Amino acid sequence: ICACLVGSEMCIRDRIKNERKDKKSNIEKNELWRKIDDVIQSEARKLFEVDALKRVQKGRRILEVSREALRRIFYLSYSYRMTSDERFKARAEKEMLAIAGFEDWNPSHFLDVAEMTLAMAIGYDWLYRDLPESSKSEIKEAIIKKGIDTSFSTDNNSWLSSGHNWNQVCNTGMAYGAIAVYEDIPEIAKVVVDRAISSIALPMKGYAPDGAYPEGFTYWSYGTSFNVLFLSAIEKLFHTDFGPVSYTHLRAHETCADL
């Protein structure tokens with residue numbers, strides 16, 4: 001993994017330009033892609049008229065805020081990449097700086113941290129070349145200190161040894177954060193990605209033998225969606241699943257989902 005991370009320095013950012021061309025080509029050729037693109041950009045434009053998120057805790061969670069952050073930053077960053085409209089970038093930057101200013105991302109309920117870190121990692125990576133240095137520094141520090149660093153506390157990381165959806169969601173969020181900022185903390189990033197590859201194999205065993213999911217449909221959708229995000233990232237970056245992460249049961253799972 002060490003060699004792969006070092007060798008992927010250009011891949012993470014520089015692949016974006018080629019991917020944008022591919023997506024635009026797909027949108028031009030495919031009606032479904034056009035509709036998806038239209039919906040995302042339409043939703044992103046609505047965000048011009050609303051305030052940035054605030055750290056509003058309900059009970060022991062800020063998960064609702066984290067999920068809205070993921071929706072907003074994804075839509076805005078995507079729309080900027082596809083259109084180069086500065087309004088999308090400025091609004092995404094405003095959102096990320098507001099989130100970076102939160103006192104914390106609520107590590108006592110680590111799903112909140114995981115989804116927030118994923119959101120910030122996507123925005124930081126997709127907008128990296130066009131953000132001012134001051135904003136990049138603030139966002140990066142938040143990803144590290146309020147996201148990645150908190151995952152090393154034993155008070156927060158029992159999900160590492162679990163076999164349920166928390167493992168999938170939390171490992172994915174931490175891995176995306178680590179990949180996004182690895183140039184600045186390469187040794188820690190390697191540990192986080194290596195840890196995720198080993199740990200996420202635990203819930204993936206739950207798809208055996210026929211692709212079913214032990215937690216039912218709702219958590220199937222939640223856990224599997226994040227698991228697929230994780231697998232997509234490591235395959236694109238490293239061109240391998242590193243052996244321990246097996247696709248066998250997920251292939252069976254695809255068959256079940258089609259029935």
Side-chain angles (χ1 to χ4, degrees), residues 1-16 66 73 96-97 99-108 110-129 131-162 166-204 226-227 229-245:
I1 293 176
C2 295
C4 290
L5 273 171
V6 172
S8 64
E9 179 172 357
M10 293 184 65
C11 295
I12 296 176
R13 320 270 187 223
D14 293 346
R15 185 184 292 135
I16 287 176
S66 298
I73 294 170
M96 289 190 288
L97 290 175
I99 292 165
F102 288 2
E103 61 182 280
D104 61 40
W105 295 344
N106 199 35
S108 63
F110 209 80
L111 291 177
D112 307 8
V113 178
E115 295 202 31
M116 195 74 83
T117 304
L118 175 62
M120 295 284 272
I122 289 171
Y124 182 76
D125 189 54
W126 285 2
L127 304 177
Y128 184 83
R129 298 198 183 280
L131 288 171
E133 290 299 323
S134 58
S135 294
K136 283 196 287 190
S137 178
E138 192 170 341
I139 294 163
K140 174 191 68 183
E141 287 303 305
I143 291 171
I144 295 170
K145 293 181 179 178
K146 296 173 183 178
I148 295 167
D149 284 356
T150 63
S151 74
F152 288 100
S153 170
T154 55
D155 290 337
N156 305 325
N157 65 11
S158 61
W159 44 268
L160 283 169
S161 58
S162 73
W166 277 61
N167 181 307
Q168 296 164 299
V169 175
C170 295
N171 272 313
T172 298
M174 294 304 99
Y176 269 66
I179 291 167
V181 302
Y182 85 95
E183 297 100 329
D184 298 280
I185 53 167
E187 295 305 319
I188 294 174
K190 294 165 194 171
V191 169
V192 171
V193 174
D194 194 17
R195 180 184 71 180
I197 289 168
S198 175
S199 174
I200 207 167
L202 296 174
M204 288 184 70
F226 279 80
N227 207 140
L229 285 171
F230 174 80
L231 294 174
S232 176
I234 63 167
E235 279 212 323
K236 285 181 178 179
L237 286 174
F238 309 132
H239 308 292
T240 176
D241 64 5
F242 292 99
V245 181

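Fair warning: this is a prediction, and the values are worked out from it, not measured in the lab.
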Legend entry - Donor-acceptor contact below 3.5 Å, side chain Ser151 vs main chain Ile148: yes
Legend entry - Side chain Asn171, main chain Asn167, donor-acceptor under 3.5 Å: yes
Inset, instruction - Would you indicate whether the side-chain heavy atoms of Trp105 and Asp112 approach each other to under 4.5 Å? - result: no
Inset, instruction - Indicate yes or no: at least one non-hydrogen side-chain atom of Lys145 is less than 4.5 angstrom from one of Asp104. - result: no
Inset, instruction - Take Asn156 and Ser108 through the side chain to side chain donor-acceptor pair (under 3.5 Å) test and state the conclusion after the steps. - result: CA-CA 6 Å; Asn156 305 325; Ser108 63; over 6 Å; no
Inset, instruction - Please check if the distance between the ring centroids of Phe110 and Trp166 is under 6.0 Å. - result: no
Inset, instruction - Taking the side chain as every heavy atom from C-beta outward, state whether Gln168 and Trp159 have any pair of such atoms under 4.5 Å apart. - result: no
Inset, instruction - Check whether the side chains of Thr172 and Asn227 place a donor and an acceptor atom closer than 3.5 Å, and report yes or no. - result: no
Legend entry - Exercise: identify the closest heavy-atom pair between Lys236 and His239: O-CE1, 3.6 Å
Inset, instruction - Determine whether Ile200 and Leu231 make a side-chain contact, defined as any pair of heavy atoms from C-beta on separated by less than 4.5 Å. - result: no
Legend entry - Separation of Ser199 OG from Asn157 CG (nearest 0.5 Å): 9.0 Å
Inset, instruction - Search all heavy atoms of Ile139 against all heavy atoms of Met120 and return the closest pair with its distance. - result: CG2-CE, 3.9 Å
Legend entry - Under 3.5 Å: donor-acceptor pair, side chain of Ser153, backbone of Thr150: no
Inset, instruction - Calculate, to the nearest 0.5 Å, the distance between atoms CD1 and CD1 belonging to Ile122 and Ile73 respectively. - result: 8.5 Å
Inset, instruction - Would you indicate whether the side-chain heavy atoms of Leu202 and Ser162 approach each other to under 4.5 Å? - result: no
Inset, instruction - Kindly compute the distance separating CD1 (Ile99) from OG (Ser66), expressed to the nearest 0.5 Å. - result: 8.0 Å
Legend entry - Rounded distance (nearest 0.5 Å) linking atom CD1 of Ile179 with atom CZ of Phe238: 5.0 Å
Legend entry - Check: Tyr128 ring centre within less than 6.0 Å of Tyr124 ring centre: yes
Inset, instruction - Please step through side-chain contact (heavy atoms from CB on, under 4.5 Å) for the pair Leu131 and Met96, ending with a clear verdict. - result: CA-CA 11 Å; Leu131 288 171; Met96 289 190 288; 4.3 Å; yes
Inset, instruction - Check whether any side-chain heavy atom of Ser137 lies under 4.5 Å from a side-chain heavy atom of Glu133, and answer yes or no. - result: no
Legend entry - Straight-line distance of Lys140 NZ to Asp184 CG, nearest 0.5 Å: 3.5 Å
Legend entry - Shortest non-hydrogen separation from Gly147 to Thr117 and the atoms involved: CA-OG1, 3.5 Å
Legend entry - Distance-minimising heavy-atom pair for Ala100 and Glu138: CB-O, 4.0 Å
Inset, instruction - Decide yes or no for Val113 and Lys146: does some side-chain heavy atom of the first lie under 4.5 Å from some side-chain heavy atom of the second? - result: no
Legend entry - Heavy-atom side-chain contact between Phe152 and Val191 under 4.5 Å: yes
Inset, instruction - Any chance you could measure Glu115, atom CD, to Cys170, atom SG, to the nearest 0.5 Å? - result: 9.0 Å
